[in-house]
Amino acid sequence: MNALLAADPEIHALIRQEEERQAAKIRLIASENYASSAVLQATGSVLTNKYSEGYPGKRYYEGQQIIDQVEALAVARVKELFAAEHVNVQPYSGSPANIAAYLAFLNPGDTILGMALPHGGHLTHGAPVSISGRYFRAESYSVDPQTKRLDYDAVRQRALECRPRLLVAGHSAHPRILDFQKFRAIADEVGAIFMVDMAHFSGLVAGGAHPSPIPYADVVTSTTHKSLRGPRGAMILCRDQYAAAIDKAVFPGLQGGPHDHTTAAIAVTMKEAATPAFKEYAHQVVKNAQALAATLLAKGFSLVTGGTDNHLLLADLSATGLSSKKVAKALDRAGIVLNYNTIPFDTRKPTDPSGIRMGACAVTSRGFKEQEMAFVGEKIAAVIERLDDEAFLARTAAEVREFCRRFPAPGLEHLA
Ligand SMILES: *Cc1c(COP(=O)(O)O)cnc(C)c1O
C-alpha cells in the first residue's frame with residue numbers, strides 16, 4: 001500500500017491497525033468473515049472507475065466491453081453454484097437487496113410477514129424503525145416460547161390471520177435450520193410470494209452444509225460477505241418468471257450504477273465457493289459452532305434452543321443477572337470479539353439485552369477446528385467469571401494474540 005502511505009499516512013496507519021486487530025483477535029461476530037486476498041484485490045481494482053447502468057448487453061453508457069464479461073461471469077457462477085434460474089448481482093448490500101425484492105412484488109401498504117426482530121429476524125423484514133416497517137403493513141411471527149424454535153403451525157396461524165402478500169423466511173440470529181418446504185406450503189395456502197433471505201447462511205448452502213431454499217422460494221436474497229466470504233455486496237436469485245420484475249426493481253427502481261469492482265469480487269468469491277475446499281470449510285463451520293456450543297454447555301451456559309445446527313449460537317445470560325453489554329465489552333478487551341444480542345422474549349432492553357451471539361465463520365476461515373473452539377469456549381467462560389479483573393483480561397488478550405499467530409487469516413497472510 002505504498003501509494004496510500006504516501007498520500008494519506010493517517011488512513012494508511014489506521015488500516016494497518018485494523019489488519020493487526022483482525023489478525024490478533026478471535027472474531028466471533030456471526031456476520032463477519034475474512035475475504036481472501038484475491039477477493040480484496042478485485043475489490044480494490046480499477047473497476048471502481050466504471051459506470052455501467054443497465055445489464056450486460058443493455059447498458060446506457062459505452063465502454064462496457066470488459067464489464068459485461070465480468071458481470072456475465074459473476075451471474076453464471078452464482079447460477080451454477082446455487083442452481084438458480086435467474087440471478088442479479090447488482091444490489092449494493094443485503095438491505096437494498098431486500099428492499100428491491102419488495103419493490104418487485106409489493107405496493108406501499110401491502111402486508112409482509114417475517115420473523116420478529118427480537119426473535120432473530122432482520123430489520124428489513126418489517127421492523128418498525130426500518131423502511132420495510134414504514135412503507136408496508138408489517139406483521140411478524142415469533143419462535144415458540146418453550147423451545148425457542150419455529151412452530152410452523154403457529155406461523156401458519158399468523159399467515160391465515162394477516163394474509164400477507166409476501167412471506168419472508170430468514171434470520172440474523174437463529175441457530176436452527178429452517179424448514180423451507182413448510183414455509184412454501186404456508187405461502188401457497190395464503191397465496192403469498194415466498195421470499196428467503198439467506199444472508200447469514202448462504203455460504204453453508206453453497207458448501208452443502210445447510211438445505212437450499214432455491215427449490216422452494218420464489219425469490220432468494222443474500223449478502224455476499226458473511227458466510228460466503230466475499231466482498232461487501234448482495235445478490236437476488238429468483239425464478240425465471242420474476243426475472244424482469246427483479247431486474248427492473250434493482251435498476252432503475254432502487255439503484256443507479258452497479259459497483260463493478262464488487263461484481264468482479266463476487267465472481268471470484270463464487271469461483272472459490274465452488275471448490276472442494278469450500279465445501280469442507282462450510283461443514284467445518286457447523287462442526288466448529290457445535291464444538292463451541294458443547295464447551296459452553298459443559299461450562300454451564302444456557303443456549304437458546306440448546307445448541308445449533310448452523311454457524312451461530314446465542315447464549316442466554318439472563319440467569320446470571322449480568323449485563324450482556326458489559327460481558328461483550330470485557331470479552332473484547334480480552335481479545336474475543338462478539339456482540340450482545342436480544343434473545344427471544346427478552347425482558348431487558350435491546351441496548352443491553354440478555355444474550356451474546358457467536359458465529360464460527362471467521363475463525364474457521366483461519367483454520368480453527370473443534371480443539372481450538374474448545375479453547376475459545378473456555379476463555380469465554382473464564383472471562384465471564386472475572387469481568388472486572390482488568391489484569392486478567394489483559395493477560396487473556398495476550399494469550400489470544402499468541403494463539404492466533406498459529407492461524408494466519410485469509411487476506412492477512414502478509415502479517416504472518
Ligand atoms: C446482514 C443481513 C442483511 C443486511 O445486510 P447489509 O449488507 O448489512 O445491508 C439482511 N438480511 C439478513 C438476514 C442479514 O443477516
Side-chain angles (χ1 to χ4, degrees), residues 27-33 35 39 43 88-104 112-127 129-133 136 138 140-141 143 150 166-178 180 183 194-206 210 212-213 217 219-238 246 249-250 254-255 258-259 261-263 265-266 269 285 289 308 310-314 338-339 341-342 344 350 355 357-362:
R27 297 173 57 232
L28 297 178
I29 291 179
S31 46
E32 293 184 355
N33 212 328
V39 166
T43 304
N88 186 309
V89 292
Q90 295 193 4
Y92 298 145
S93 210
S95 303
N98 287 348
I99 303 310
Y102 298 155
L103 188 59
I112 58 174
L113 175 61
M115 192 179 216
L117 180 64
H119 290 224
H122 190 259
L123 282 164
T124 54
H125 298 179
V129 294
S130 152
I131 184 171
S132 63
F136 304 106
S140 62
Y141 53 85
V143 294
L150 280 176
L166 186 143
L167 173 65
V168 190
H171 53 74
S172 306
H174 183 68
R176 297 295 173 180
I177 279 170
L178 303 175
F180 300 123
F183 269 113
F194 177 36
M195 167 169 149
V196 175
D197 177 355
M198 62 172 183
H200 256 261
F201 53 84
S202 53
L204 304 184
V205 172
H210 188 290
S212 173
V219 58
V220 176
T221 59
S222 181
T223 53
T224 49
H225 48 273
K226 296 180 181 176
S227 51
L228 262 176
R229 218 161 62 182
R232 268 338 238 246
M235 56 195 188
I236 304 179
L237 297 69
C238 67
I246 288 292
V250 174
L254 185 68
Q255 299 186 167
H259 294 179
H261 55 299
T262 302
T263 304
I266 290 174
T269 301
V285 166
T308 179
N310 58 24
H311 62 298
L312 73 84
L313 40 149
L314 202 53
L338 46 68
N339 66 283
N341 211 100
T342 306
R357 186 184 68 158
M358 291 153 274
C361 292

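Note that the structure is predicted; figures quoted are calculated from it, not measured. For ligands, and for the atoms within them, numbers begin at 1 and follow the listed sequence.
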| request: Report the nearest protein non-hydrogen atom to atom 7 (O) of ligand 1: residue, atom name, distance rounded to 0.1 Å. | output: Ser93 OG, 2.4 Å
| task | Would you mind listing which atoms of ligand 1 come within a distance below 4.0 Å of any non-hydrogen atom of Thr223? | result | 5 (O), 7 (O)
| note | Note: Arg232, heavy atoms under 4.0 Å from ligand 1, region reported as neither
| What's the spacing between Ser212 OG and Leu204 CG if we round to 0.5 Å? | 12.0 Å
| Ala199: numbered ligand 1 atoms lying under 4.0 Å from its heavy atoms | 2 (C), 11 (N), 12 (C), 13 (C), 14 (C), 15 (O)
| task | Kindly say whether the aromatic ring centers of Phe201 and His171 come within a distance under 6.0 Å. | result | yes
| query | Contact between Met198 and ligand 1, counting heavy atoms under 4.0 Å? | reply | no
| What are the atoms of ligand 1, with element, lying closer than 4.0 Å to any heavy atom of His225? | 7 (O)
| task | Answer with side chain, backbone, both or neither: which part of Ser95 has a heavy atom less than 4.0 angstrom from an atom of ligand 1? | result | both
| message | Quick one, Met235 with Leu228, criterion side chain to side chain contact (heavy atoms under 4.5 Å, CB included). Give me CA distance, side-chain angles, the key distance, then yes/no. | response | CA-CA 12 Å; Met235 56 195 188; Leu228 262 176; 3.8 Å; yes
| query | Taking atom 13 (C) of ligand 1 as the point of reference, which of Thr124, Asp197, Thr221 owns the nearest heavy atom? | reply | Asp197
| Does the Asn341 side chain pair with the main chain of Gly120, one donor and one acceptor, at a distance under 3.5 Å? | no
| task | Check each atom of ligand 1 against the heavy atoms of Gly94 and keep those under 4.0 Å away; list them by number with element. | result | 4 (C), 5 (O), 6 (P), 7 (O), 9 (O)
| message | Parallel, tilted or perpendicular: which one describes the rings of His259 and Tyr92, with boundaries at 30° and 60°? | response | parallel
| task | Could you walk me through whether Leu167 and Tyr141 pass side chain to side chain contact (heavy atoms under 4.5 Å, CB included), step by step? | result | CA-CA 10 Å; Leu167 173 65; Tyr141 53 85; 4.1 Å; yes
| field | Winner among His174, Lys226, His122 once heavy atoms are compared against atom 10 (C) of ligand 1 | value | His122
